[in-house]
Colleague: 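Just dropping this structure here.
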Amino acid sequence: MQIQTTVGKIQDQEAQAIVVNLFEGVAAPDGATGAVDAALGGAIRALIAAGDFRGKRNEVAVLYPAGSLPARRVLVVGLGKAEKFTVEGIRQAAATAARKARDLGVTQLHTVVHGAGVGAIEMETAAQAMVEGTILGLYRYQELKTQLEDVRPNVETLTLVEFDPAKLAALEAGAAAGRVIAEATCLARDLINRPANLATPSTIAETARTLAEAVGLQCRIMEKAEIEALGMGAFLSVNKGGGEPAKMVILEHNAGREDLPAVVLVGKGITFDSGGISIKPSQDLWKMKDDMAGAAAVIGALCATAQLNLPLRVVGLAPLTENMPDALASKPGDVVKSLKGLTVEIHSTDAEGRMLLIDALTYAGTFKPQAIVDIATLTGAQAVALGTPAAAVMGDEALVARLRAAGEASYDRVWPMPLFEEYGEQLKSDVADVCHVGGRAGGCITAGFFLSKFVPEGIPWAHIDMAAQGLADDDRPYIPRGGAGFGVRLLVEMLRRWNG
């Protein structure tokens, strides 16, 4: 999509459609909406008076100027109650209006910046949210469809219109950041939505390499022989039943810049999770193509980090493998040796993600980072505990606080879980140093506690369990059904605030 900015009056724009807004409970619109209403002879006030439009959140009305304005259509989008309006409301309103425009066949859309006027939200923040909401709301996964005759074309150009020229620089900066972050999220969505026969460890690794070249990241693909030589026995225990060799994608922004603070992001990359020998039920098993959503989030976040040129050294690790049943696959009761040297007893091969992560977390220490954050579709217990509104987060308190603040700003929200020492009692093994599962009780937490045993000593670490956020089962304003791309905006927001 082409993103443009311009200074002027929204009512003067010659466009296929213009977008204005209204808070709930307003009877006589003012500002840009009032100016459009006046040009339309009070048509918006008439809608309100008739009760046909009340400004409720994500409500949309369409008016046809019939020559009273240069625009062919006017879309009025509701912002809800003014006292409850937030940046998230901007994203949703932008997405709602863009989808309505697409339904009408509009390919060039002009809009005011919601929230930057009466909403009193800083222009750069509002513009970023506008572009994020529009791009994310219009996302469709179509690369495998061969018949698109009945599908409306997407909006091709979005023009943000601002009356005050003094705000243009902030408008442009916000729009540029919003585009980078939204497109990185869509990239993660593409990786998640691809079926597992196309999104394999090797194809994801090659996609990461291509993306790295395009945005200026350093990329190295660690092959199975090197993984084995290093001693990543936990990682390889999952790969034993896979049809493809394991790979570890290593992406670096500002590689070699020892003068910059370093942060390592680790993303779980199970390209398909059958459960292995502890095989999953067949119902909805197709959804397990999303078990690499953590790796997708890390790849997307690194691409955005490079394009935003953040003043950090950021490393992304994406361990990739299938988890399949096979004569050579790991079995419940097996014991393997991790990169850290601890032996791990496997009780369920369907708790495989943590086995990739522990070796990747140990390896992350070689970069001597200020912090390590891992993100994974890890446990069904997370979905039971928190549902879809928030992922679970646990670990170093200061790092968790960073992630919570970033989550509130990006609306990739997280909620903290405890890591009390008592949870470690559930991980005791009779035959190895540690058991990798701790039973049903507190399953999300015991998984995180298990991971904590493999984090290099002295390095702040946080774990994000996003099991319920990998795939969206319903259609939300800027999250269509399918791969959600959760975590990209969260991680990028955390990194953007790192030195702040």
Colleague: Which residues pass the side-chain hydrogen bond (donor to acceptor under 3.5 Å, both in side chains) test with E493, not counting sequence neighbours?
Modeller: R497
Colleague: We want to know whether Q128 and E132 form a side-chain donor-acceptor pair, criterion being a heavy-atom distance below 3.5 angstrom.
Modeller: yes
Colleague: Are a donor atom and an acceptor atom from the side chains of Q2 and Q4 found within less than 3.5 Å of each other?
Modeller: yes
Colleague: How long is the span from the NE2 atom in H110 to the CD atom in Q11, to the nearest 0.5 Å?
Modeller: 13.0 Å
Colleague: Answer yes or no on whether R413 is positioned over the face of Y411, meaning its NZ or CZ is under 6.0 Å from the six-membered ring centre and within 45° of the axis.
Modeller: yes
Colleague: Will you find, in the side chains of Y139 and N193, an N or O donor that is under 3.5 Å from an N or O acceptor?
Modeller: yes
Colleague: Look up atom CG in L158 and atom CD1 in I135, then write down how far apart they are to the nearest 0.5 Å.
Modeller: 8.0 Å
Colleague: Apply side chain to side chain contact (heavy atoms under 4.5 Å, CB included) to L312 and N254, showing your working.
Modeller: CA-CA 7 Å; L312 297 168; N254 283 327; 5.7 Å; no
Colleague: Aromatic rings F367 and Y363: how do their planes relate, parallel, tilted or perpendicular, breaks at 30° and 60°?
Modeller: perpendicular
Colleague: Name the residue from R54, R57, K56 that meets the salt bridge (charged side-chain N to carboxylate O under 4.0 Å, His left out) definition with E24.
Modeller: K56
Colleague: F454: which residues meet the ring pair (Phe, Tyr, Trp, His ring centres under 6.0 Å) condition with it, sequence neighbours left out?
Modeller: F450
Colleague: Side chains of T107 and Q16: donor-acceptor distance under 3.5 Å anywhere?
Modeller: yes
